[in-house]
Novice: 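Okay, here's the structure, questions in a sec.
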Protein chains: 2
Amino acid sequence: MSDHAAKAALYDALAESAKALANGRRAELVDVLAQGERSVEELAEEIDQSFANTSQHLQRLLRSGLVEARREGTRIYYSLSSPVVGDLWRTMRQAAQEHVSGLEQLAADYLGDRSRLRTITRDDLRARLRDGDVVVLDVRPEAEYAAGHIRGAVSIPIADLKSRLGHIPDGADVVAYCRGPYCVYADEAVRMLQRKGVTAARLEDGFPEWAAARLPVARG
Amino acid sequence: MSDHAAKAALYDALAESAKALANGRRAELVDVLAQGERSVEELAEEIDQSFANTSQHLQRLLRSGLVEARREGTRIYYSLSSPVVGDLWRTMRQAAQEHVSGLEQLAADYLGDRSRLRTITRDDLRARLRDGDVVVLDVRPEAEYAAGHIRGAVSIPIADLKSRLGHIPDGADVVAYCRGPYCVYADEAVRMLQRKGVTAARLEDGFPEWAAARLPVARG
DNA sequence: GTCTTATTCAAGCGAACTATTGAATTTCAT
DNA sequence: ATGAAATTCAATAGTTCGCTTGAATAAGAC
């Protein structure tokens with residue numbers, strides 16, 4: 001093998017990890033898997049695709065080594081192979097945010113108007129958690145809360161929020177969070193709370209970013 | 001537009017930054033551009049491709065927003081749009097290192113046997129620079145040294161090393177570095193020095209990694 | 001065993017990607 | 001203006017990608 005053929009082959013292999021994420025559906029899959037392991041069925045539901053297509057994308061991720069599979073009875077659970085995969089997804093998302101044109105508009109199309117949605121940064125939330133003057137709501141599905149959440153947060157899945165509004169103490173200052181910057185649950189929660197007269201804001205991003213920043217987390 | 005169509009469009013856009021890097025030749029281009037701006041001609045030479053093909057890949061990177069172009073007379077110089085692009089490339093490379101199977105073999109095919117090549121980490125080099133008991137050699141082309149180098153390093157492009165071996169003081173302890181972990185210049189330099197009886201090691205990676213770690217750098 | 005459920009496999013087809021070729025464009029120098 | 005150099009454009013062909021459809025497996029329940 002000539003020298004530049006060997007070099008080309010090496011860089012082709014390095015590009016494999018990018019190829020694995022070079023598809024919107026696979027990006028969605030990784031985004032969901034960053035919350036914890038999932039079965040094919042759950043994943044297909046999350047990304048609005050057929051089983052066969054979802055399975056195919058998962059096979060591709062599996063071949064790239066970025067995800068792992070585990071069989072449990074009749075179900076197969078997929079998960080990210082390591083934290084570096086989450087890093088890759090977040091870095092790639094940030095690069096897109098800074099450089100891909102038209103992204104803001106697409107985000108607005110999906111998320112709606114966020115201009116009236118108060119947001120706070122991780123550092124702000126951390127400081128306020130230390131002061132203890134804030135109620136933090138994890139509005140993801142319960143299983144995701146169990147797999148890991150911001151230390152001190154309470155689990156109220158978005159679907160249950162309406163019926164549990166009474167549990168929010170009067171005059172509370174609420175911060176809601178969910179999966180990440182493009183997750184709609186926290187937006188919904190904040191809007192619902194604001195309509196009820198509760199002071200509420202959303203964390204700028206989600207749990208994976210919190211954990212990646214090595215801020216305090218808890219499980220179970 | 002229905003909700004899951006909007007979501008799909010958003011994630012498609014987020015995946016654009018990965019698509020831009022999802023090709024070995026474009027990965028090589030970004031790797032070179034991480035050293036500083038280059039003309040199309042220089043880039044085509046570096047990645048062993050035709051002008052037309054190189055230009056095409058650059059257009060694609062341009063469309064993704066990851067690189068910028070600047071005209072100077074008859075030449076057009078490309079450069080990375082921001083540091084986050086370098087972060088993306090390094091993260092993606094690390095993900096490939098950890099998860100893409102067969103990569104080690106491909107690296108060995110290109111780089112040859114590295115088992116006799118002493119390597120030192122960034123932190124080690126930093127400590128030894130503080131103690132002042134080491135000669136650091138930047139063996140990249142001179143223009144790359146000028147665009148930025150490890151503070152305290154001396155520029156001896158690999159092509160000039162042979163004729164300047166006399167300048168290495170007797171009994172010196174040398175560390176050579178170049179573009180990154182898969183750059184061959186430092187390997188060559190260390191081998192050449194070791195044959196001459198000089199104690200030499202290569203930095204595990206290259207200048208962009210040093211700079212990204214916010215270790216001391218200099219210019220000019 | 002048979003049935004059911006979860007997942008994968010296999011084939012097909014339109015779309016996008018990649019390298020090649022040769023012509024066209026832009027800028028500078030004469 | 002004319003010519004030369006650097007780069008891009010346009011057309012092409014082979015390859016891979018991505019979604020659909022329907023059949024095939026694998027594991028557990030009956």
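Side chains are part of it too, since the values below use all heavy atoms of this structure and drop only hydrogens, waters and symmetry mates. Sequence lines set the chain letters: A, B, ... in the order given, protein chains first and strands last, and positions in each chain run from 1.
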Novice: What I'd like to find out is whether the side chain of B:Y11 reaches to under 4.5 Å of the side chain of A:R93, using heavy atoms alone.
Specialist: no
Novice: Please enumerate all residues that pass side chain to side chain donor-acceptor pair (under 3.5 Å) together with B:E46, with sequence neighbours excluded.
Specialist: B:R179
Novice: So do B:R202 and B:R114 actually touch side chain to side chain, heavy atoms under 4.5 Å?
Specialist: yes
Novice: Which atom pairs, donor and acceptor, lie under 3.5 Å between side-chain atoms of residues 153-168 of chain B and protein residues at least two apart or in another chain?
Specialist:
{"from": "B:S163", "atom 1": "OG", "to": "B:D160", "atom 2": "O", "distance (Å)": "3.0"}
{"from": "B:H167", "atom 1": "ND1", "to": "B:R164", "atom 2": "O", "distance (Å)": "3.4"}

Novice: Pairs in or reaching into residues 65-77 of chain B: which pass salt bridge (Lys or Arg N to Asp or Glu O under 4.0 Å), with residues at least two apart or in two chains?
Specialist: B:E37-B:R70, B:E41-B:R75, B:R70-B:E72
Novice: Within the 4.5 Å heavy-atom criterion, are B:L106 and A:L14 side-chain neighbours or not?
Specialist: no
Novice: Write down the protein N/O and nucleotide N/O pairs, taken from nucleotides 19-23 of chain D, whose separation is under 3.5 Å; answer none if there are no such pairs.
Specialist:
{"from": "D:dC19", "atom 1": "OP2", "to": "A:N53", "atom 2": "OD1", "distance (Å)": "3.4"}
{"from": "D:dC19", "atom 1": "OP2", "to": "A:N53", "atom 2": "ND2", "distance (Å)": "3.0"}
{"from": "D:dC19", "atom 1": "OP2", "to": "A:H57", "atom 2": "NE2", "distance (Å)": "2.6"}
{"from": "D:dC19", "atom 1": "O5'", "to": "A:N53", "atom 2": "ND2", "distance (Å)": "3.2"}

Novice: Given 3.5 Å as the limit, does a donor-acceptor pair link the side chain of B:S55 with the main chain of B:F51, or not?
Specialist: no
Novice: Decide, yes or no, whether a salt bridge links A:R63 with A:E16 under the criterion of side-chain N to carboxylate O below 4.0 Å.
Specialist: no
Novice: For A:G206, does its backbone N or O pair with a side-chain atom of A:E209 as donor and acceptor, under 3.5 Å?
Specialist: yes
Novice: Taking NZ, NE, NH1 and NH2 as the nitrogens, is one of them in A:R25 or B:D12 under 4.0 Å from a carboxylate oxygen of the other?
Specialist: yes
Novice: Hey, can you pull the residues of residues 71-80 of chain B with a non-hydrogen atom under 4.0 angstrom from DNA chain D?
Specialist: B:T74, B:R75, B:I76, B:Y78
Novice: Give me the residues of residues 59-68 of chain B where at least one heavy atom lies under 4.0 Å from an atom of DNA chain C, by number, or none.
Specialist: B:R60
Novice: What's the CZ-C1' distance between B:R70 and D:dT7, to the nearest Å?
Specialist: 15 Å
Novice: From the 5' end of DNA chain C to its 3' end, which nucleotides mark the outer limits of contact with chain B, defined by a 4.0 Å heavy-atom distance cut-off (strictly under)?
Specialist: C:dC17 to C:dC28
Novice: Does the side chain of B:C178 come within less than 4.5 Å of B:D138's, by heavy atoms?
Specialist: no
Novice: My understanding is that only residues two or more places apart in sequence, or in another chain, count here; which of them pass ring pair (Phe, Tyr, Trp, His ring centres under 6.0 Å) with B:H149?
Specialist: B:Y145
Novice: Taking DNA chain D as the partner, which of residues 26-47 of chain A come within under 4.0 angstrom of it by heavy atom?
Specialist: A:R26
Novice: List for me each residue that meets side chain to side chain donor-acceptor pair (under 3.5 Å) alongside B:Q105, sequence neighbours excluded, and say none if there are none.
Specialist: B:D109
Novice: Residues two or more places apart in sequence or in another chain: which of them pass side chain to side chain donor-acceptor pair (under 3.5 Å) with A:R191?
Specialist: none
Novice: List, one per line, each side-chain donor-acceptor pair under 3.5 Å for residues 212-220 of chain B, sequence neighbours excluded.
Specialist:
none

